[in-house]
2 protein chains.
Amino acid sequence: MRRLPTVSDVAEAAGVSRQTVSNVLNTPEIVRAETTERVRAAIERLGYRPHASARRLRTRRSSTIGVRLDPGADGMSGSLLDRFLHALVERADADGLRVLLYTAVDEDAEIATFERLLDGADVDALVLTSTHYGDRRIPWLVEHDVRFVTFGRPWGEHDTTDRSHRWVDVDGRVGVRAATASLLEQGHRRIAFLGWPEGSGTGDDRRAGWREAMLAAGVPDADMTALDLGVEEDPLDLGIGGRAVAAVAPRPDAVVCASDSLALGARLALGPDVPVVGYDDTPVARALGFPSVAQPLDEVAAAVLELLASDEGDHHRLLAPRLVRR
Amino acid sequence: MRRLPTVSDVAEAAGVSRQTVSNVLNTPEIVRAETTERVRAAIERLGYRPHASARRLRTRRSSTIGVRLDPGADGMSGSLLDRFLHALVERADADGLRVLLYTAVDEDAEIATFERLLDGADVDALVLTSTHYGDRRIPWLVEHDVRFVTFGRPWGEHDTTDRSHRWVDVDGRVGVRAATASLLEQGHRRIAFLGWPEGSGTGDDRRAGWREAMLAAGVPDADMTALDLGVEEDPLDLGIGGRAVAAVAPRPDAVVCASDSLALGARLALGPDVPVVGYDDTPVARALGFPSVAQPLDEVAAAVLELLASDEGDHHRLLAPRLVRR
DNA sequence: CACAGAAGTTTGATCGATCAAATCACCGAG
DNA sequence: CTCGGTGATTTGATCGATCAAACTTCTGTG
């Protein structure tokens with residue numbers, strides 16, 4: 001295999017020095033236009049590409065961000081991470097950033113992986129997904145002065161002026177509130193909520209949205225049924241959620257769900273006549289034609305990269321989801 | 001931030017030279033046991049980690065494999081890539097390999113990306129998914145002497161003695177044959193097949209499996225209905241497949257499908273009384289409780305890495321899927 | 001016309017590891 | 001007792017880029 005051209009080769013070809021070539025690439029504003037032109041031409045002619053590892057060694061920056069591929073991607077919404085990843089990789093690419101994957105069985109293993117990745121200059125920033133109460137990863141990262149952004153807000157008491165933890169999240173409460181409101185507008189009153197038991201940040205947030213909309217519409221407490229599908233039960237066994245919904249008497253006018261999996265269960269149990277709204281707008285929702293709250297993953301990805309890149313401005317972003325009507 | 005220890009630091013601490021430390025790490029068999037011990041202790045004590053970029057610069061190897069994140073992951077089975085990726089990352093990690101993601105809008109863009117990734121020593125091998133007829137990427141990679149393995153066999157005329165293209169695939173024909181046979185055993189005769197139009201490698205392969213099983217059981221041609229859902233039609237609009245199935249008269253005893261999406265469509269159109277078998281064993285199949293042919297993604301990932309690593313032995317692997325009965 | 005200061009470019013050193021070749025230690029054969 | 005040979009370890013050079021500082025060229029001012 002032919003040897004690849006280096007900065008020195010380009011320099012010689014353009015009749016300048018190594019450093020000038022480097023400057024053309026990294027700080028073009030300090031190079032005379034005419035010189036830049038000549039160097040650019042030489043780069044083009046030789047087909048030069050900077051050697052990423054050499055640059056990293058010297059700059060101590062890898063231009064690579066690490067993203068965890070969750071082990072327990074909970075099935076159906078697994079494609080959510082997929083879509084997010086895709087958006088992230090695409091945007092990152094445009095910024096000259098690479099995305100490296102890693103996995104870890106538990107938090108301790110994940111922290112050990114952080115060390116490995118960071119020390120080896122494999123990555124210089126991390127993107128974490130699925131944050132939860134008492135997440136030990138966050139303090140570790142802050143402590144070790146690692147640059148990171150989470151997709152998911154810090155649940156629990158949180159000081160919004162805390163600039164050490166940057167995060168991006170989607171306002172599930174607003175999304176579910178809109179979904180509920182849309183059902184109310186259609187004249188439904190006894191709208192049940194199918195979700196997860198209290199204690200999960202996202203779950204509670206979504207239930208709160210439903211409650212808000214119901215209260216605002218003046219629906220009496222007696223007509224508000226919230227069903228919680230235990231997490232210890234296989235979240236994929238939609239039969240459970242479905243049976244739970246079917247057991248509600250009298251039968252609800254409509255059901256708002258904390259996920260499309262749950263919505264599918266409800267739909268199967270109640271048939272197509274009872275309107276159902278899901279969450280995440282997965283292919284299943286599209287396929288079955290029920291409405292769903294869609295997270296703006298492109299925007300999330302963009303926001304994550306923005307927060308990662310700049311030290312200025314806000315340190316968190318709460319994005320609005322979009323209700324996909326069908 | 002404290003400076004990280006380097007080989008030199010370890011060498012000094014252990015009272016040996018840089019190179020000896022390097023040898024302990026890379027070629028321990030040429031170092032005296034006692035010395036190895038001492039160096040190991042020093043590494044432990046200082047918490048030394050090799051600097052990945054420095055090593056890559058020198059060895060010209062990155063220990064990183066590139067994987068494309070498909071843009072048009074067709075929805076439901078998107079989670080398939082997800083699961084494959086997960087298995088791959090996990091196994092790769094055990095072998096000290098990293099997985100880097102990339103995307104590309106079309107084949108030309110993808111080839112341009114190859115050049116970027118390879119020249120910069122970002123990756124030294126590639127894993128390609130979703131191969132198709134006349135895939136231009138393959139000849140390019142062979143031509144440029146790039147190490148790669150595809151998940152997906154080369155469709156079209158192919159010389160199995162060709163050692164330049166290594167691939168791993170799952171034998172869909174066998175899987176669908178088994179699925180069909182299992183329905184036949186249960187006494188069903190008029191088993192329809194719901195798939196994609198001829199021309200897609202995987203689709204044709206799966207249909208062939210169904211036909212084989214039907215022929216073997218002596219089912220007359222008149223009772224064999226193959227329905228093809230046009231790819232130009234939104235593959236997610238399961239209604240189309242469902243309507244097609246529902247239109248078959250007389251109503252089939254059971255339906256074998258080329259994917260779980262199609263199976264969901266059939267299930268919704270025919271109700272739970274007509275047995276349906278899907279493909280890919282996605283969460284939807286698990287949720288609705290219909291059987292599905294599962295690809296052994298763990299094995300696929302392991303095989304991909306094996307083929308990448310060794311020059312010996314076979315250059316392709318055709319794995320058997322597993323029918324998940326429910 | 002000399003000279004300070006800015007602008008543009010070049011030179012030498014360095015990042016952390018491994019390669020290639022040299023050196024050192026030790027053993028048994030002649 | 002010397003010498004060849006193997007095994008273990010060390011030394012010097014190098015991978016390709018950027019940093020820091022030195023140097024050269026230009027520009028405008030007194």
Side-chain angles (χ1 to χ4, degrees), chain A residues 1-40 42-43 46-64 96 116-122 124, chain B residues 1-40 42-43 46-64 96 116-122 124:
Chain A
M1 223 192 321
R2 82 202 141 77
R3 198 178 65 85
L4 292 167
T6 72
V7 267
S8 298
D9 298 326
V10 174
E12 192 176 356
V16 297
S17 71
R18 299 188 312 277
Q19 186 59 38
T20 297
V21 176
S22 173
N23 287 338
V24 167
L25 263 45
N26 301 298
T27 44
E29 66 276 13
I30 71 163
V31 182
R32 203 154 40 126
E34 186 202 341
T35 311
T36 301
E37 192 49 46
R38 210 145 30 98
V39 172
R40 282 255 146 74
I43 288 178
L46 299 183
Y48 166 80
R49 299 259 165 221
H51 191 289
S53 292
R55 168 178 283 168
R56 286 179 207 162
L57 171 58
R58 187 68 248 232
T59 61
R60 312 189 129 285
R61 255 177 294 117
S62 67
S63 295
T64 301
R116 258 194 4 224
L117 292 175
L118 294 164
D119 289 357
D122 269 324
D124 44 26
Chain B
M1 223 193 320
R2 80 199 143 77
R3 197 178 65 85
L4 292 166
T6 72
V7 268
S8 298
D9 298 325
V10 174
E12 193 176 356
V16 296
S17 70
R18 303 189 310 278
Q19 186 59 37
T20 297
V21 176
S22 173
N23 288 337
V24 166
L25 262 44
N26 301 299
T27 45
E29 66 276 13
I30 70 164
V31 182
R32 204 152 43 121
E34 188 202 338
T35 311
T36 302
E37 191 49 46
R38 209 143 33 95
V39 173
R40 282 255 147 75
I43 288 177
L46 299 184
Y48 166 78
R49 298 261 166 217
H51 192 290
S53 291
R55 170 178 281 169
R56 284 179 209 162
L57 172 58
R58 188 68 250 232
T59 62
R60 310 187 133 282
R61 254 177 295 116
S62 68
S63 295
T64 301
R116 256 194 4 224
L117 293 174
L118 294 164
D119 289 356
D122 269 323
D124 44 27

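Below, chains carry the letters A, B, ... as their sequence lines are ordered, and counting in each starts from 1.
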Could you tell me if the side chain of [Y] sits less than 4.5 Å from the side chain of [X], heavy atoms only?
{"X": "B:His51", "Y": "B:Thr6", "result": "no"}
{"X": "B:Val31", "Y": "B:Val39", "result": "no"}
{"X": "B:Val16", "Y": "B:Val24", "result": "no"}
{"X": "A:Arg55", "Y": "A:Asn26", "result": "yes"}

Pick the closest DNA chain C nucleotide for B:Leu57 and for A:Arg32 by heavy atoms, then say which residue is nearer the 5' end. A:Arg32

What's the [atom1]-[atom2] distance between [X] and [N], to the nearest Å?
{"X": "B:Gln19", "N": "C:dA17", "atom1": "CD", "atom2": "P", "answer": "12 Å"}
{"X": "B:Ile30", "N": "C:dT23", "atom1": "CD1", "atom2": "P", "answer": "18 Å"}
{"X": "B:Asn23", "N": "C:dA20", "atom1": "CG", "atom2": "C1'", "answer": "12 Å"}
{"X": "B:Ile43", "N": "C:dG16", "atom1": "CD1", "atom2": "P", "answer": "16 Å"}
{"X": "B:Leu4", "N": "C:dG16", "atom1": "CG", "atom2": "P", "answer": "8 Å"}
{"X": "A:Tyr48", "N": "D:dT18", "atom1": "OH", "atom2": "P", "answer": "6 Å"}
{"X": "B:Glu34", "N": "D:dA8", "atom1": "CD", "atom2": "P", "answer": "12 Å"}
{"X": "A:Leu118", "N": "C:dG16", "atom1": "CG", "atom2": "P", "answer": "16 Å"}

Which listed nucleotide ([options]) is nearest to the side chain of [X]?
{"X": "B:Arg58", "options": "D:dA20, D:dG16, C:dT18", "value": "C:dT18"}
{"X": "A:His51", "options": "D:dG16, D:dT10, C:dT18", "value": "D:dG16"}
{"X": "A:Ser17", "options": "C:dG16, C:dC19, C:dT11", "value": "C:dT11"}
{"X": "A:Asn26", "options": "D:dT9, C:dC19, D:dT18", "value": "D:dT18"}
{"X": "B:Ser22", "options": "C:dC15, D:dT18, C:dT18", "value": "C:dT18"}
{"X": "A:Thr6", "options": "C:dA20, C:dT10, D:dG16", "value": "D:dG16"}

On DNA chain D, compare the nucleotides closest to B:Val31 and A:Pro50; which residue's is nearer the 5' end?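 Nearest-nucleotide comparison on DNA chain D picks B:Val31.
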
Any side-chain N or O of [X] less than 4.0 Å from the OP1 or OP2 oxygen of [N]?
{"X": "A:Thr20", "N": "C:dT10", "answer": "yes"}
{"X": "A:Thr35", "N": "C:dT9", "answer": "yes"}
{"X": "B:Arg18", "N": "D:dT11", "answer": "no"}

If you take atom types as modelled and just measure distance, does the side chain of A:Arg56 reach the base of D:dG16 with a donor-acceptor pair under 3.5 Å? no

When you measure only distances, ignoring hydrogens and angles, does the side chain of B:Arg55 come within 3.5 Å of the base of C:dT18 through a donor and an acceptor? no

Nearest non-hydrogen partners of B:Leu4 and B:Asp9, listed with the distance: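 So the minimum-distance heavy-atom pair works out to O-OD2, 4.0 Å.
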
Within the structure shown, what part of the strands sits under 4.0 Å from B:Ser8 by heavy-atom distance: base, sugar-phosphate, or nothing? nothing

With sugar-phosphate meaning primed atoms plus P, OP1 and OP2, does A:Arg61 contact a base, only sugar-phosphate, or nothing at under 4.0 Å between heavy atoms? nothing

Check ion pair A:Arg56-A:Asp122 (N to O, under 4.0 angstrom):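 No, A:Arg56 and A:Asp122 are not salt-bridged.
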
